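Structure first, then comments.
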Amino acid sequence: MFGDDTLDSALARIDDWERSIADRAERARALALRTSDLSATARSRDGLVEVTVGAEGQLLQLRLDERTRQQSSATTANSIMETLQAAKDQLLREFEEATAETVGPDSETGRALTEALRRRLGPPAEPTNGHR
């Protein structure tokens, strides 16, 4: 029923499939390793607020210049929130770059992981000129 050519062809396809899976798993491991220590820092344009977030978007560090005492607490709070979002936006850009360089931006793994991070970080900030 099956000739040697058919069997050899089937075995070759199985070998190719196994190599493909192993390659994708290795690239996914490389992405996980590369992004596990990822962080991003943003600073308000006036330099009074600096925020650093970790790989999951968690606040790692908040620095306030002493000059924030000379402005209202509402202004400082708003600046903190805007700068926090700017740091999260930067983190997403860095994650997307790492994804593109490892598993590929259009890969199923890349799309799924990027979307999961987007959900954790919340919606991106509206473009402003208030951060660098």
Side-chain angles (χ1 to χ4, degrees):
M1 181 170 171
F2 295 107
D4 285 343
D5 287 339
T6 305
L7 181 57
D8 289 343
S9 176
L11 291 173
R13 281 193 306 273
I14 291 170
D15 288 343
D16 289 344
W17 182 66
E18 286 178 331
R19 278 191 294 277
S20 174
I21 290 172
D23 180 56
R24 283 185 286 191
E26 181 56 36
R27 286 187 281 150
R29 279 191 292 277
L31 176 60
L33 181 63
R34 184 170 170 182
T35 59
S36 65
D37 293 338
L38 206 57
S39 67
T41 299
R43 181 181 289 218
S44 61
R45 174 132 343 252
D46 61 11
L48 299 182
V49 176
E50 183 179 281
V51 173
T52 301
V53 295
E56 296 294 319
Q58 74 278 23
L59 181 64
L60 294 179
Q61 193 166 49
L62 171 63
R63 292 183 188 194
L64 302 175
D65 188 282
E66 287 296 321
R67 292 175 291 160
T68 58
R69 294 175 186 234
Q70 299 168 1
Q71 63 188 20
S72 72
S73 60
T75 298
T76 299
N78 188 47
S79 185
I80 290 169
M81 295 306 291
E82 288 177 356
T83 307
L84 174 62
Q85 187 59 54
K88 287 179 177 183
D89 293 347
Q90 177 62 34
L91 178 72
L92 182 59
R93 285 190 296 274
E94 291 178 20
F95 186 87
E96 287 171 334
E97 181 180 311
T99 299
E101 293 172 1
T102 53
V103 298
D106 296 326
S107 69
E108 187 175 326
T109 301
R111 285 191 312 267
L113 293 174
T114 300
E115 184 55 34
L117 182 59
R118 274 193 185 108
R119 281 192 305 274
R120 286 192 304 275
L121 297 179
E126 294 296 320
T128 68
N129 294 325
H131 302 93
R132 49 185 160 126

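These numbers come from a predicted model, not from an experiment. Computed from heavy atoms alone, side chains included, the values below leave out hydrogens, waters and symmetry copies.
- Connection of Leu59 to Leu38 is established within a shared hydrophobic cluster, with ILVMFWY side chains joined at heavy-atom distances below 4.5 Å, either directly or through further cluster members.
- With contacts defined as side-chain heavy-atom distances shorter than 4.5 Å, the pair Glu82/Arg45 does not qualify.
- Taking hydrophobic clusters as Ile, Leu, Val, Met, Phe, Trp and Tyr residues chained together by side-chain heavy-atom distances below 4.5 Å, Leu62 shares a cluster with Val53.
- No hydrogens or angles considered: a donor-acceptor pair under 3.5 Å links the side chains of Gln71 and Thr76.
- Going from atom OG1 of Thr41 over to atom CD of Glu50 covers 5.5 Å, rounded to the nearest 0.5 Å.
- Annotation: the span from Glu18 atom CD to Asp23 atom CG amounts to 13.5 Å, rounded to 0.5 Å.
- Rounded to the nearest 0.5 angstrom, Gln70 CD and Asp65 CG are separated by 8.5 Å.
- With a 4.5 Å cut-off on side-chain heavy atoms, Thr109 and Arg24 do not count as touching.
- A salt bridge is defined here as a Lys NZ or Arg NE, NH1 or NH2 lying under 4.0 Å from an Asp or Glu carboxylate O, and Asp16 with Arg19 meets this definition.
- Heavy-atom neighbours of Glu115 CD from other residues, nucleotides or ligands within 6.0 Å: above the threshold of 12.
- Remark: side-chain polar atoms of Thr99 are paired, donor with acceptor, to backbone N or O of Phe95 under 3.5 angstrom.
- The structure places OG of Ser39 at 13.0 Å from CD of Glu56, a figure rounded to the nearest 0.5 Å.
- Using a distance-only test at 3.5 Å, with no hydrogens or angles considered, no donor-acceptor pair links the side chain of Thr68 to the main chain of Leu64.
- With rounding to the nearest 0.5 Å, the separation of CD1 in Ile80 from CZ in Arg63 is 14.0 Å.
- In this structure Glu26 satisfies the salt bridge (Lys or Arg N to Asp or Glu O under 4.0 Å) test together with Arg29, sequence neighbours excluded.
- Counting all heavy atoms, side chain and backbone alike, Thr35 lies closest to Ala55 at O-CB, 3.4 Å.
- Counted by atom type alone, Arg118 and Thr114 present zero donor-acceptor pairs between their side chains at under 3.5 Å.
- Residues passing the side-chain contact (heavy atoms from CB on, under 4.5 Å) test with Ala116, sequence neighbours excluded: Arg119, Arg120.
- Heavy atoms only, all atoms of each residue included: Thr83 and Ser44 are closest at OG1-CB, 3.7 Å.
- Closest of all the heavy-atom pairs between Glu94 and Ala40 is OE2-CB, 4.3 Å.
- We find the OG-CG distance between Ser72 and Asn78 to be 9.0 Å, quoted to the nearest 0.5 Å.
- Between Ser79 and Leu48 the shortest side-chain heavy-atom distance does not fall below 4.5 Å.
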